[in-house]
Every structure is written in structure tokens, then in C-alpha cells.
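A quick write-up on the structure given underneath.
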Amino acid sequence: MTGAGRVVLVGAGPGDAGLLTIRGLRALEAADVIVADRLGARGVLDGLEAEGIELRAEVVDVGKLPGHHAVPQDAINSLLVALALDGRRVVRLKGGDPFIFGRGGEELAFCRDAGIDVEVVPGITSAISVPAIAGIPLTHRGLATTFTVATGHDQIRSLGGGRDHTVVLLMGIGTLANSAITLARGERGGHCPVAIVEDGYGPGQRVTVGTLDTIALQAARRGVRSPAVVVVGDVVTLSPYAQPLVESSETHRKAAQQ
């Protein structure tokens, strides 16, 4: 059986099976092989199993650990093509959304260049969904009308704007101190609110709130670890976890007026 296979790039969302799209679920149910990431994807597969949804597909784990690539991206690309050329219906299950720092665009191009039919099923990116569970909207009337998603590996010196321009950092824990210092030098200033949401939708979910001046030390003291999403901007003050920060800011404001 050759030549009849296809690839579907499915966004698994942040790891909660309930946030997988119906279209994504249908693709998983029809798959012969599921090529799965570690973050998000593995949690969704485990969640579906816990809910009694049985998938007949073989699961190939190509998950990447921080600082360690279990399977190189080139090898993943080649695997998808080889499986499809063998006539298999392949689902590439990727955490979050395939096109948000997920290298889904590279996989799409590689498969199409090899003559493989590819479909893309978007997923809910952790950049939006993980802040939401901490009560943080990325935009809010009177507080923020713009947001930027970046990775902690990126150079963010050119990222302008003030506290009304929300910044979301993915994969940003290892470079948190440098990112905080860099962002504090601009309009945002050192008192700009920051929230870190660890293991969103997972068993270790935890929120740490501080400012650009304090967040690196707070994260070190609490032993904050990846996976985590960092949110910078005044929208953080809307979170119920930020109440002590809001009260402290109000106290300082009143003291300055006296």
C-alpha cells in the first residue's frame, strides 16, 4: 500500500483533552499513526484515554525535553513523509497551535515538497489559554489593546511599548532574569506587573506574581520550572492572584501623594 497516505497537523492545545477541537479529535480517531510531541500532546492523549476514548492508532513519541531534542526536527520531517508514502494516515499532534512556535510551517512545507497531501487543524495556543486560567486577558479596555508573543530565546531589546502593550513569553524561564532587565529598561519600568503560570492545565499548575524588578528572584526562590508562560503588563493586575501586588501598588501611590 503506497501513495495513498496523508498528514494532518493537529494542534493539541495546552494539554487538556477538553480543549482539543472536535475536528482534531476526528483526525485522531481516523489516524493509523500519531506522531506526538511531549508538551500538550501527551496530556491530551492521556486525557482521552481517561475518558474512555480509545484510539486505534500507533503512537510514536518524538517529544522534546528542555535542552534536549529527543528526535531532531529533520528526522521528524522525514518520518512524516515516510509514513505517508507507506500509505498511512498520519496525525502530527503538536502542543498548542502548530503555527505558534511549533515549527508546523516547516513540517507543512517539507511534506508538500514531497508531494504529500497535508491538512492543518489549528489548536488553542498556550500563549492565550494559559494566562486565561489565571484570570489574565491579554487585552482589556483601558489597560491593553495590543499584545506580542515571543520566546525567551528571542532578542527582545527592540520590543517597544509600555505597560499597555502586553508581552507573553513562551519558553522564557531559563532567560527570565535577562528578559526582565531588558523590558524594565523601556517604558514599562521596573514596577511593571508580571505573572508566571507554570504547568497550565496540569497537576503542577501554579501562579507567581511580581514585577519586572522582583520576578526573577521570586521565581528562583519558588523553584519555578518549565513549562511556563510569562505575562508582562498591566493586564496582570486583573488576576485574582495579583491582589497583593495591586494593594502594594495602591499603598505606594497614596504614600507618594502625601
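One is the number of the first residue; the rest follow in order along the sequence.
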- Query: Nearest 0.5 Å, what's the CG-CG distance between L55 and L48?
  - Reply: 6.0 Å
- Do other residues, nucleotides or ligands put more than 12 heavy atoms under 6.0 Å from F99 CZ? yes
- Using modelled atom types only, decide if a donor and an acceptor are shared between the side chain of R6 and the backbone of E119 within a distance under 3.5 Å. no
- Task: Of all the heavy-atom pairs spanning A12 and G95, show the shortest one and how long it is.
- Result: CB-CA, 4.3 Å
- V232 side chain reached by C192 side chain, heavy atoms, under 4.5 Å: yes
- Going through the checks in order, is the salt bridge (charged side-chain N to carboxylate O under 4.0 Å, His left out) test met by E107 and K94? CA-CA 11 Å; E107 294 172 357; K94 304 176 70 66; 3.2 Å; yes
- Query: Side chains of L170 and V229: does their closest heavy-atom pair fall under 4.5 Å?
  - Reply: yes
- Is it the case that one hydrophobic cluster holds both V59 and V121, taking links as side-chain heavy atoms less than 4.5 Å apart, direct or via other members? yes
- Task: For the pair R89 (side chain) and V8 (backbone), establish whether a donor and an acceptor sit closer than 3.5 Å, ignoring hydrogens and angles.
- Result: no
- Item | Audit row: V236, V194, side chain to side chain contact (heavy atoms under 4.5 Å, CB included) steps and yes/no | CA-CA 6 Å; V236 169; V194 182; 5.7 Å; no
- Task: Indicate the atoms forming the closest heavy-atom contact of R42 with R38, along with that distance.
- Result: CB-O, 3.2 Å
- Message: Could you report the tightest heavy-atom contact between C111 and V118, atom names first, then the distance?
- Response: CB-CG2, 3.4 Å
- Item | Which atom of L176 lies closest to which atom of A216, heavy atoms considered | CD2-CA, 4.1 Å
- Using atom types as modelled and distance alone, determine if a side-chain donor or acceptor of E187 lies under 3.5 Å from a backbone N or O of G160. no
- Provide the closest heavy-atom pair for A84 versus V7 in the form atom of the first, atom of the second, distance. CB-CG2, 4.0 Å
- Task: Answer yes or no: is there a donor N or O on one side and an acceptor on the other, between the side chain of R92 and the main chain of P98, under 3.5 Å?
- Result: no
- Considering only heavy atoms from C-beta outward, does the side chain of T145 approach that of T139 to under 4.5 Å? no
- Message: Taking M171's backbone N and O only, do any of them form a donor-acceptor pair with T151's side chain (distance below 3.5 Å, no angle check)?
- Response: no
- Message: Between I124 and V44, is there shared hydrophobic-cluster membership here, with clusters defined by ILVMFWY side-chain heavy atoms closer than 4.5 Å?
- Response: no
- Hey, is the main chain of G161 close enough, under 3.5 Å, to the side chain of R188 for a donor-acceptor pair? yes
- Message: Take a 6.0 Å sphere around CD of E49 and say whether it holds more than 12 heavy atoms from other residues, nucleotides or ligands.
- Response: no
- Message: Please tell me whether L138 and L238 are part of a single hydrophobic cluster in this structure, the criterion being side-chain heavy atoms less than 4.5 Å apart.
- Response: yes
- Query: In Å and rounded to the nearest 0.5 Å, what is the CG to CG distance from L20 to L28?
  - Reply: 6.0 Å
- Query: So, for A36 and D61, which heavy atoms are closest and what is the spacing to 0.1 Å?
  - Reply: O-OD1, 3.5 Å
- Salt bridge present between D117 and R112 (N-O < 4.0 angstrom): no
- Item | Min side-chain heavy-atom separation V230-S179 under 4.5 Å | no
- So do I173 and I196 actually touch side chain to side chain, heavy atoms under 4.5 Å? yes
- Item | Check: I116 and L80 side chains under 4.5 Å, non-hydrogen atoms | no
- Item | Spacing of CG belonging to N178 relative to CD1 belonging to I181, to within rounding of 0.5 Å | 6.5 Å
- Item | Heavy-atom side-chain proximity of R206 to V224 below 4.5 angstrom | yes
- Query: Atom CG of D97 and atom CD1 of I128: how far apart are they, to the nearest 0.5 Å?
  - Reply: 9.0 Å
- Query: Say you draw a straight line from NE2 of H191 to CG of D234; how long is it, rounded to the nearest 0.5 Å?
  - Reply: 12.5 Å
- Between OG1 on residue T166 and CG on residue D164, distance to nearest 0.5 Å: 8.0 Å
- Message: For T237 and L143: C-alpha separation, side-chain torsions, deciding distance, then whether side chain to side chain contact (heavy atoms under 4.5 Å, CB included) applies.
- Response: CA-CA 10 Å; T237 62; L143 285 182; 4.3 Å; yes
- Message: Tell me whether the count of non-hydrogen atoms from other residues, nucleotides or ligands lying under 6.0 Å of CZ in R225 goes above 12.
- Response: no
- Task: Decide whether F110 and L93 are clustered together by the hydrophobic rule: side chain heavy atoms of Ile, Leu, Val, Met, Phe, Trp, Tyr closer than 4.5 Å, transitively.
- Result: no
- Message: Assigning hydrophobic clusters by single linkage (Ile, Leu, Val, Met, Phe, Trp, Tyr; side-chain heavy-atom cutoff under 4.5 Å), is V62 placed with L108?
- Response: yes
- CZ of R141: more than 12 outside heavy atoms within 6.0 angstrom? no
- Item | SB check R88 E58 (cutoff 4.0 Å) | yes
- Task: Determine whether more than 12 heavy atoms belonging to other residues, nucleotides or ligands lie under 6.0 Å from atom OH of Y201.
- Result: yes
